[in-house]
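Some notes on the structure that comes next.
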Amino acid sequence: MRPTGRLHIGHYFGALENWVKLQNDPQYECFFFIADWHALTSDYADTSQVAQNTIEIATDWLASGLDPEKCTIFIQSSVPEHAELHLLLSMVTPLSWLERVPTYKEALDNVKDKDLHTYGFLGYPVLQTADIVMYGETDTELVVPVGEDQASHVEISREIVHRTNFCYGFRIEPTLFNKGNEKWLDSVREKLSLEPIETHAGPRIHVGELVVLEMIAMDHAQRVGFDNFLREMGPAARFFTRDLVLTEPKVMLTRTPRIPGLDGRKMSKSYGNAITLSESDADIRAKTKVMMTDPARKLRTDPGNPDICPVHDWHKLFSPPETLKWSAEGCRTAGIGCIECKTAMADNLIKWIEPIRARREEFAAHPDKVLRIIDEGSLKARAVAQNTMSRVREAIFGWQHKRAEITPPRMVGKS
């Protein structure tokens, strides 16, 4: 989450509730981070509240049930490897991929009070990709829990990683160019629609030709898929390998309940239509008392439709079944008024929020403890990130291989 300040009930039901379930499931190792660098992509002009907002979000996470003993909670900027991987991924990401992202075009069209024509804002999906794949293992499934509206963000991450794996993991075995393998080399060139080369003394292909062949083969393999490429190559497939540098993430679609704001629009702090997880009882009652209902109920005696009423949507989240039934029947028959319905919902919302609010007050009273938790989590996350970047750097630059090649082994003397 970006550090925008205290969280509201929409954040809880839209993400936190599911995060807590995932951390408690032993088959998952979970990483949750506060994306302070992402905050700069659109709010770079004023960073004065980023640090405090980070503490506020971490406090809300802990109050909602995230447990540092069961998951890793950290700050994005405390793991500088994210920036390094972002840089490396940006080298292989076509500009056109970023310009076609729907949310990018939508923001440029609709946001008029900020200048979003920046490299950072355009490159947001690349940084997001680095954030995700930093914590993947090449032999383990990597999943991102998102709603359907966010699935496209994961899809562009898959495309970027797919391209990266081919750029830095696709290899042609040098033995393909050895004497005696002429028929396999000619077969490969034929299948790639390349002109055959004439046999001559010495190596059958020089370095420049090798690079060109590898690039053409890699481009074709990306288009058709590596497994299909191997099938096309037939017996010559044994000369091609692809190492996974990074793991392609998968979408874990999560069902989230409908939770409109007080005015019926999407719940958002910027709209002023939210109930925060730290809201007082008095403020909850005051805000819900003027909450939007079915517009057809102009008079107390007018029947309504609970299926289109935001108050009834909130009843589904906070009220027991008998109250939910009472609310729906009373609305349809005009047996109850909207004020009665709102009051009952507010009573149950207060019962639900009280333990979260109490835990929040405990953590808020000790911000040093909250800071220690996210600092320790950041160290834990960085250890994982450093391992990932060692693998990525070697795949791209091959320095370990080169050093071993040019550094003579040390002689161990015996007395």
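Under the salt bridge (Lys or Arg N to Asp or Glu O under 4.0 Å) criterion, no residue pair touches residues 8-19, with sequence neighbours excluded. Sorted by first then second residue, the salt bridge (Lys or Arg N to Asp or Glu O under 4.0 Å) pairs that include residues 226-254, not counting sequence neighbours, are Glu141-Lys250, Arg158-Glu248. Counting only residues at least two apart or on different chains, the salt bridge (Lys or Arg N to Asp or Glu O under 4.0 Å) pairs with a member in residues 111-126 are Asp43-Lys114. Every pair passing salt bridge (Lys or Arg N to Asp or Glu O under 4.0 Å) that includes a residue from residues 99-109 is listed here, sequence neighbours excluded: Arg100-Glu159.
With sequence neighbours excluded, the residues that form a side chain to side chain contact (heavy atoms under 4.5 Å, CB included) with Ser278 are Arg6, Thr276, Arg360. With sequence neighbours left out, Thr256 forms a side chain to side chain contact (heavy atoms under 4.5 Å, CB included) with Thr254. Annotation: salt bridge (charged side-chain N to carboxylate O under 4.0 Å, His left out) contacts of Asp263 (sequence neighbours excluded): Arg265. Listed by chain and residue number, Asp281, Ile284, Arg285 satisfy the side chain to side chain contact (heavy atoms under 4.5 Å, CB included) test with Ile350 (two or more places apart in sequence, or in another chain). Every residue two or more places apart in sequence or in another chain that forms a side-chain hydrogen bond (donor to acceptor under 3.5 Å, both in side chains) with Asp46 is listed here: Ser48. Scanning for side chain to side chain contact (heavy atoms under 4.5 Å, CB included) contacts around Glu69 gives Asp67, with sequence neighbours left out.
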Return all side-chain donor-acceptor pairs below 3.5 angstrom for residues 364-381, not counting sequence neighbours, or 'none' if the list is empty.
| from | atom 1 | to | atom 2 | distance (Å) |
| --- | --- | --- | --- | --- |
| Ser378 | OG | Ile75 | N | 3.1 |
| Ser378 | OG | Ile374 | O | 2.7 |
| Lys380 | NZ | Thr72 | OG1 | 3.3 |

May I have the list of side-chain donor-acceptor pairs in residues 311-325 shorter than 3.5 Å, sequence neighbours left out?
| from | atom 1 | to | atom 2 | distance (Å) |
| --- | --- | --- | --- | --- |
| His312 | ND1 | Ser327 | OG | 3.3 |
| Asp313 | OD2 | Arg258 | NE | 2.6 |
| Asp313 | OD2 | Arg258 | NH2 | 3.4 |
| Trp314 | NE1 | Pro260 | O | 2.9 |
| His315 | ND1 | Ser319 | OG | 2.7 |
| His315 | NE2 | Cys341 | O | 3.1 |
| Ser319 | OG | Asn348 | ND2 | 3.2 |

